[in-house]
Structures are given as C-alpha cells and as structure tokens.
4 protein chains.
Amino acid sequence: MPGFFYPRTATGRASLIPHPPWFYSGDLLTVEYRTDPARVAELLPDPLTLAAEDPGAVALIWADWQSCAQSREELLDPVRAQYKEAFVVVRCGYQGRTYSRCVYIWVDKDFAVARGIHQGYPKKLGSIWQTRPHPFAHAAPQLAPGGRFGATLAAADRRLAETIVTLTGESEHNGFVNGHPMAHHRILPGIERAENGDTESGSRSGDAFVELIESGAAQVEAGQAWQGTVDHLALYESPTEELARLEVHEIIGAYYRQVGVEWNGGRSLQARTRPEPTR
Amino acid sequence: MPGFFYPRTATGRASLIPHPPWFYSGDLLTVEYRTDPARVAELLPDPLTLAAEDPGAVALIWADWQSCAQSREELLDPVRAQYKEAFVVVRCGYQGRTYSRCVYIWVDKDFAVARGIHQGYPKKLGSIWQTRPHPFAHAAPQLAPGGRFGATLAAADRRLAETIVTLTGESEHNGFVNGHPMAHHRILPGIERAENGDTESGSRSGDAFVELIESGAAQVEAGQAWQGTVDHLALYESPTEELARLEVHEIIGAYYRQVGVEWNGGRSLQARTRPEPTR
Amino acid sequence: MPGFFYPRTATGRASLIPHPPWFYSGDLLTVEYRTDPARVAELLPDPLTLAAEDPGAVALIWADWQSCAQSREELLDPVRAQYKEAFVVVRCGYQGRTYSRCVYIWVDKDFAVARGIHQGYPKKLGSIWQTRPHPFAHAAPQLAPGGRFGATLAAADRRLAETIVTLTGESEHNGFVNGHPMAHHRILPGIERAENGDTESGSRSGDAFVELIESGAAQVEAGQAWQGTVDHLALYESPTEELARLEVHEIIGAYYRQVGVEWNGGRSLQARTRPEPTR
Amino acid sequence: MPGFFYPRTATGRASLIPHPPWFYSGDLLTVEYRTDPARVAELLPDPLTLAAEDPGAVALIWADWQSCAQSREELLDPVRAQYKEAFVVVRCGYQGRTYSRCVYIWVDKDFAVARGIHQGYPKKLGSIWQTRPHPFAHAAPQLAPGGRFGATLAAADRRLAETIVTLTGESEHNGFVNGHPMAHHRILPGIERAENGDTESGSRSGDAFVELIESGAAQVEAGQAWQGTVDHLALYESPTEELARLEVHEIIGAYYRQVGVEWNGGRSLQARTRPEPTR
C-alpha cells in the first residue's frame, strides 16, 4: 500500500510524513561542553565505541525549523511546517570512523517525531524555546557581537535545560561534535510478552528489529557562523530523563548559525532480526 | 542496553515507555456505523481480507484514559498518566479468523504515541475531548437514560470528527467492531534513498521491516454498558487525513462503557525484512 | 451592545463567556498548611487585614472541572467545558467579617481566565494535572482509604508545585481556608503613560478602576469529603512567581471532595475610580 | 500594593505583566478587504460611527512577535517573550477623527491576553501560524517577488481563518485600515446578579466600568513593505465566533512588513461607572 509512513492508505495522503527528500530552513544555537567520558560510553551500545579524541565532548543544540517535503505544500499551512527541537549529540567510533550520535532529543510536533523514528533520533515531545534574531532590535538580539540568546527545554511540565549565550564574533565553524555523519539505532521491541524474570532484560534480547544506520544531510547551505560565551548553562533532574547525568565539566564553546538542509535517506550499517522472524 | 524503548541508557530510566504490562482505567464512547466496504478494503493490505459479515462496519471510538506501567508511579505524576484518544476500527480476516484493526488514531501524549508504535496503532497527535459523567449534574451528564455526551477530534488545527450521543438504556455489549483481537502492522521504511522514479512506490518495496502482529487485552473488567442514539455525527475533510473517506452510510449504534484493561504483549503473525538485512 | 464580555457584537454570540449563572461539576484536591502570617499579610491590600484566627493558614487546591452556562451547550463541545486549575487561598478580615481570598491561580482555558477577570481571581495560564479516581483500579485510585492522588502545577515550562496525598478516611469537612465568601479585587490599571519615576508606583496610584467584591457559590452540592495524609508537598521557585514565598511551615491536612456548584454573581463592597474619570 | 497587573504582591514580581513601556519585534502579514459596512457598524458601540470613507474596509492581520518590557529579561527566557496573534481591524469615527479598532483578536500566551485587557484588545486564546521568511530557501520563502506566505487561525479546535499570499513587489505602505490610533473599549461587567429578565440586557446596563481609550505605538521602525496577491482567503463558521460574518466582498490588497514597536500607554477618551460605585 502506498504511503511512506503509517497510516498507509490507498492514496498515501494520510501518511504522517511524506516520502523524503525533506527540506529544512532554520537557526541552530549550539553549546558544546565536556562531560565524564564514562557517561558518554554508557550511551553507546555495542559495537559503537567512544571517539578516540575528546570522547567526553557533548553538543547541546536548539533548533527553530521550518520544514517540508518535495511539494512544499506544508510551507503554506505552517502548523505542518514549523517545529522546534533541542537535542544532545555525542561522538562515537564504528569500524574506524568517527560518527555523531544523537542520544536525547525533544521536538514539538508529531511529524518531527515520525521523521525521528525513521532516522533513528530518539524523539520525545517537549516544549522548546529559543530567542530569535530580528532586523529590529526593540525586542530582539542581532546576529552580531553582543547579541544575547536564551534557550530552554521542558518536558512533562519540568524544565530540563536552559542556556544563555552572548555572541562575541564570527567563527570559522559551528562546533565539531555534530559535524560527522550520524550513527543511529532504529529499534522495534518484540511484541511477545516477556517471560517471568525477563522484564528487565527482555527489551534487549527480545527486539524484533534492530538496525544501525548512517545518515547525514544530502545538502547543506550555511550562513556565517557566530561564536559566543556561555553565560548560563543548566541541566535539571527529572524522574524520566537522564540528560542531567551528562554533567557539565568544562565549556567548549557556543555557536549560532542559520542553515538550509536537505535530507534524503541514509545507509544501513547493520540490521538484525530474531532467529525466526517469520512463523 | 536496558530500556524498553528509545532512548536506551545504562539505567533504562529515560525510556519513553517502560516495559509492559501496561494498565488503563478509562471511559469509552463508541459510535458504530456502516460505510462502503470498498473504502474499508482500501485500508487492508495483503494478506488481510474484508470481514465475511458486515464488512463495511466501522467503530469510531473516543477514550479518556489514565494509564501506567507496573510501578504505578505515573499515577502520582498524572501528566505522565492521563491521555485522550480517538480512533477508528474496522474488521478484517486473516487465515480464517476475524480481527479488529485500528486504521486511524490520534492521541495527545508522546508516551501514547510510543505505545502505539510498539502495538502497531498508527498514532498521530490530535486534540481529543469527550464529555465526562460526574456525580453532580450541575455541569455533567449522568450514566443513565437521557445522559448526553459530546466528543470531538481535531488535528493540525482542523476539526476532523464530532459526535453527540444520548443514552437510552443499558446494553448487553459495547459494540462488535472493536471486539476481536487486533491485527496490526508494524513498519520501518528502509533508510536508503529512493532511486529515481521510486519515490511513490519506494515505501512499499523498500520497507526495512514489516510485521503483522496480533494483540489484545490480557485482562479486562468492564462496567455496565450503555446504548444510545446518535444525535450528531460528522467527519470533516483535511488535506492530510482520510477519515472522511469512510463516509457514514448507516448508523449502527452508540455505546458508553467504563473499563479497566491490562495489556501485556501480543504475537507475531508474520515478519519480513528485505533480502539481505545485514551488510 | 449585547454580549456579557468582550468581544461585544450585535448578537452577543462571540462573547468569550456567556452571562452567569455558571455551573460546575468537578473534583477538588485540597492541601492546607501554615506559613508565616507575615507572608500572608503581604498579599492583603488595605483595607483587608489578617484573619483573627490562624492567620497563616493557606489552602493549595487543585480542581478538575466541567463547566457551562445556562444553555449547557458547552457540555456537548467539551473543549469549551473542561478545564483544570490550581489555586492558593488565604483568609482575611474586612469590616469584622472573615473572607477567603484567592491570591494565586492558574487555569488552562481562556474562558476560565475571563471568568476570573469578572470574579477577581488573578488567573494566569498553567498546566495542571491531578490524579483521577475511576471505578476500575487498573490505573486509578479509589475514593477510599489508601487511595493515592498526585497533583502538579507548571507555568512557563517550570514546575511550580506538586503534592501527593493518601486518603485515610472520611472527613466532616473539606478544609476551612476556602470556606468563606471570597473577597477579591478587580482592577484595571490606568491607560495613561506613567510619568518619570512613576513606573514603580504608578500601578497603584494610577488604577482606572479598583473594586473590592464579595462573591461565593449560589448553590453547592458536595459528596462525602475524604481526608488524607500529605506524603509530598513542594513549592518551586520561578522568576515570575511568588508561590514559593508562602513557605510550608506545618501541614494542617489534605482533603478530597466531589462537588457541583452554581455561581451567579456577587456584591460590590467598595469601588473607586480616579478623581475625574470622564474627560 | 506594587505590581502593574494581577496578582499584586509585595514585590510586584508575580504580576502577569510588568509596567509599560512594552517592546515588540515581529513580522506582520496583512490582508485587507471590503465587507458590507453594515456588518462593521454592528461592531461599533455608541458613540463610535462608521468611518466616512471606505467604511467596509477590514484588515485581517497575522503577527509573529517577540516582546519584552524594559528589563528585556523575557528575551532570554523566550517562552515569556514569543507569541503569535491574528486580529481583525476596522475603522471608525469619534469626535471627527478616524480611528482603527480591533474587533476580534486571538493570541497564544497569557501575558498577551493581559496586555490586551489593559489596551482594550478583546483577546481570546487561539492557535496561530504564519510562514516565516528565512535566508535559506530550502523550506522558506524570501521577502522578494514570488515569496509565498500562508497563515492560519484556529480556536477551540476549529479552523477560523486562513490565507495564502504571494509577494509581487515593494509597496509604499502596509495597508491603511490599521494605520490610525486605536479606539478601544475596556469593560468590567458588574458583579451583581442579573435580575429576572435582565440576563440578556444586563451586560449593557450593568457594566461596573466602561472606558473608551485611545492608544497607539509610542515609536515604530519598519522595514521595506511588500505587497502581494491574495491566492486564498477563507473565514470559517464557529458556534462561538462571528469572524465569518465579516464576509469578504472584495480584496483590497495584501502586505508583509517587519517592524519594531514600542508601546507606552494611551489616553482615556471617556469613562463611565454606574451611578453609585461605592457603597
């Protein structure tokens, strides 16, 4: 049946997301810092390894996006095009290459959740806000030295993270942690009931499908990158989150950049189903 | 790595949903009607077939839930326990048995979306409202003859469906369309870029994983079922939905029932990966 | 022009709220505690005084409502009928009588904000959740000894308050802090630009209209009241809130009760405009 | 007690909105059209009259704002700074001058509702979306000929209005309907219970306070204005709205402009309380 994603119908029109390629225009606010590499290692399942250099580097990124698929029709019904996200990226090694990997991510629209399921981003819903630059300074910073930007993340009615960044000047890059192809897992837990005592471990042994995929932008255009100082950075505890476990030991830098991106699929690195998937 | 669902971490605590079993207490408002069976058939991929009897029967169900996993801790932080949903169920045949099948569903929390991905419910986000009964009638109907209940569904800022039901008396059942085990598909489209000309069909040929699963409640308790008249039932068009294509030809009935449910996994009926999933 | 509230139109249909009487059916979860009476006194403008007895008593109340006006039409379009609120009540004296007074309140619908403007409740928007009882215990407490209820309040993406209460038995009352007629102020700051140096004090001297009103339910029915223990009670800081300033010194009690209420206006105790309101 | 707006506290910090001046940076998408002047007249209470020229002209305006008060602290916690609105402006005459007047308006934050109560804008909550321009065209129009912008408005889960505009070139102005000082009413209905038979008319005779105020921007900076064609304009019915009653008879034009605004109070034109406000 046609339709890229569920629900699949005769026309494909109801699919929560259309077929890639997908296009994005948006603003990225990035804070990079170092945490205990052991906390990063905890988030890397076999066969992924810690990155060889600066293994405790973390990027905490806010993004304010407008997005669409090939028809661009979402842009004229912008409830279907605009979304915000905050996400956490670390680096890892696989077969001698360095990859970026999103370990936590929150978005505010269902189509963004669905894209994440396809791309292996572990998306939850959250409430994400970041200061916008605007040509008129009455109530907006400028993309210029002195421009101050705040960003916050909340989920389940708890604030999880917040930062304040003051731009200091142009930068030759937008950080390095999110600069590699992404290595992500796509999983579907097995539908079977866990046996006695299996509740805790069942999710591992019992996945119906696990795939390690590689993906990255098919095309990117980017404006001048800006760097800044981190005036404030806080990660807060929550009973259902582990973001704060990636403690901030040392600030690396902060960056702001406007970008245009096309995403159009990736590559399966490794897929696994259970011994007898078809019965 | 522990954790039933993504994101998987060393502790499993951040998982968007905990391991089943999952528990639900809630109220169901059901309207059953007949549509053109051809419109139902459009939504049944091979090898599912139309149900042998009354193949055009549709159930449109609103549910107002409180839910939790085994620890019950969500119940004390109810932003994590309460959610509402509206969904559409048809019946189908598979290997000589009759199944129910949810073809469209909208919920208002991310944990409910995630459970749906596990269970094969094609969940989108929506805004769902249904009248609540209450012991005091100042601003509430009673579960008794004459009690009037309204329910609405919206998504992407468009109203998609609404109904008004007046209870007439007790019923021996809560409808028949949603009364069978569910036969659902779980899918992950292939991550690879679609080749030229493949954009439309690619989603079908290129799924990385497709599984037909069977599932149903592990345990159900239900209160007295009530039947009623359908005073109003409307399905509205949307550029991204096909609910209104299941046109209302004939009302079958309306029902209200309070239930408690345990769900604890299902059974894989058929799973398929692409020829060489591991490279 | 007809219309009880704005926007006023030829038909009155667009009014954000219809004319009273207003009707409510809902569940109240109340926690009463003592704070420093000086913190209560700070919130009582002249001519209100601290209550003679137990002047530091505070009630923190969560309510889950369904509501309507005389036509009851909102009940069948329940996005217009259901709302939740959390509010803080203290007591005060005026002309020898004891009044209750809501000093902070958060709701989640605009019609509830508008009713608050009319009734003198200082309503902000928030996200409010409270555990619901349900006949089936799969994922719900019962209104019985041992029933555990949680409740939370957030605003501007910050959690402001939360509590967990375990019912211990029946109670002869639902607390005493919110048991008097309400003494509320209704204010409209003057529209004129504040003069130099007047920014801070301008709001007081410059109100266009200030009215002290008295109001209470026109009719109330209430179910069995339950009392309980407070297992958890926390008030959190926020840059835009002062709820946490009402520090919890001593728990008085916790209560749960289902009620039906009619509200139909109040009485002006004292009104003041500036010297020459008409120019 | 300090605090510009409610809730008033010892410090003033909890006030839903701080004292003016207020500052705004944002983008305005305006569609102007002509309706039946009788429909405009219905919305003008005495002593306002229809504008002498082009009395049926209506402006339907979407705005995507960032805003703050003098401290600018909201800009660094942008959940408190950003909001969107859609509003309807007509013109009217008062004492020989022409005024603009907002007859309907929807916003998506409580601080914006509160500013509206102060300024006489009849604000309800809604869901408002408008396409954003962005330097990278991957998923965004440009502020240039050919740039296409969509905008939508919904409230209570119903879509109320939508438009699509294609920019054609520069414009010397941003429309004329919203170009005058605003003439707004600020009202507080009387708190007293309406007498028998008075329910319908009570709101008129019984207002505790009615004030006609004049207000406008204290300072405005504006970028190049753009004009465009209206490819789509639709107003939809709702049981609680009368926007669609302002039927579109003839399109006047469409405009896009980025602006910075300071607002700092207005002027009372006429205020009225009931005969004996103080008892």
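Reminder, nothing fancy here: chain letters follow the sequence lines and each chain counts from 1.
- By the ring pair (Phe, Tyr, Trp, His ring centres under 6.0 Å) test, C/Tyr6 is found to be paired with no residue, residues two or more places apart in sequence or in another chain being considered.
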Margin query: For a side chain to side chain contact (heavy atoms under 4.5 Å, CB included) check, start with the C-alpha distance between C/Val113 and D/Asp110, then their side-chain angles and the critical distance, and finish with the verdict.
Written below: CA-CA 9 Å; C/Val113 170; D/Asp110 59 355; 5.9 Å; no
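- C/Ser238 approaches D/Arg13 most closely through the heavy-atom pair O-NH1, 2.6 Å.
- Listed options C/Gly266, C/Ser215, C/Gly120, C/Gly265 were ranked by heavy-atom pairs under 4.5 angstrom with chain D; first place goes to C/Gly266.
- Legend: residues meeting salt bridge (Lys or Arg N to Asp or Glu O under 4.0 Å) with C/Glu42, ordered by chain and number and at least two apart, are C/Arg245.
- Per-residue counts of heavy-atom pairs under 4.5 Å with chain D were compared for C/Ser15, C/Ala10, C/Ala41; the largest is that of C/Ala10.
- For C/Leu44, the part sitting under 4.5 Å from any heavy atom of chain D is the backbone (N, CA, C, O) and nothing else.
- Options D/Arg158, D/Lys109, D/Glu214 differ in how many heavy-atom pairs under 4.5 Å they form with chain C, and the most are formed by D/Arg158.
- Contact count against chain C (heavy-atom pairs under 4.5 Å) is highest for D/Pro122 among D/Pro45, D/Pro122, D/Ala218.
- Looking at D/Arg193 and C/Pro20, their side chains never come closer than 4.5 Å, going by heavy atoms from C-beta outward.
- With sequence neighbours excluded, the residues satisfying side-chain contact (heavy atoms from CB on, under 4.5 Å) with C/Ala14 are C/Pro7, C/Thr9, D/Tyr104, D/Lys124, D/Glu242.
- Interface with chain C: from residues 73-86 of chain D, residues D/Asp77, D/Val79, D/Arg80 qualify, criterion being any non-hydrogen pair under 4.5 Å.
- Looking at C/Trp106, there are no atoms closer than 4.5 Å to chain D (heavy atoms on both sides), in backbone or side chain.
- Contact check for C/Ile191 versus D/His118: side-chain heavy atoms found under the 4.5 Å cut-off.
- Heavy atoms of C/Pro239 lying under 4.5 Å from chain D belong to its backbone as well as its side chain.
- With contacts defined as side-chain heavy-atom distances shorter than 4.5 Å, the pair D/Arg8/C/Ile187 qualifies.
- Closest heavy-atom contact between D/Lys123 and C/Leu16: O-CD2, 3.9 Å.
- Contact annotation for C/Leu43: both backbone and side-chain heavy atoms come within less than 4.5 Å of a heavy atom of chain D.
- Considering only heavy-atom pairs separated by less than 4.5 Å from chain D, the leading option among C/Val103, C/Asp157, C/Ile213 is C/Ile213.
- The distance from atom CD of D/Glu211 to atom OG1 of C/Thr273, rounded to the nearest 0.5 Å, is 10.0 Å.
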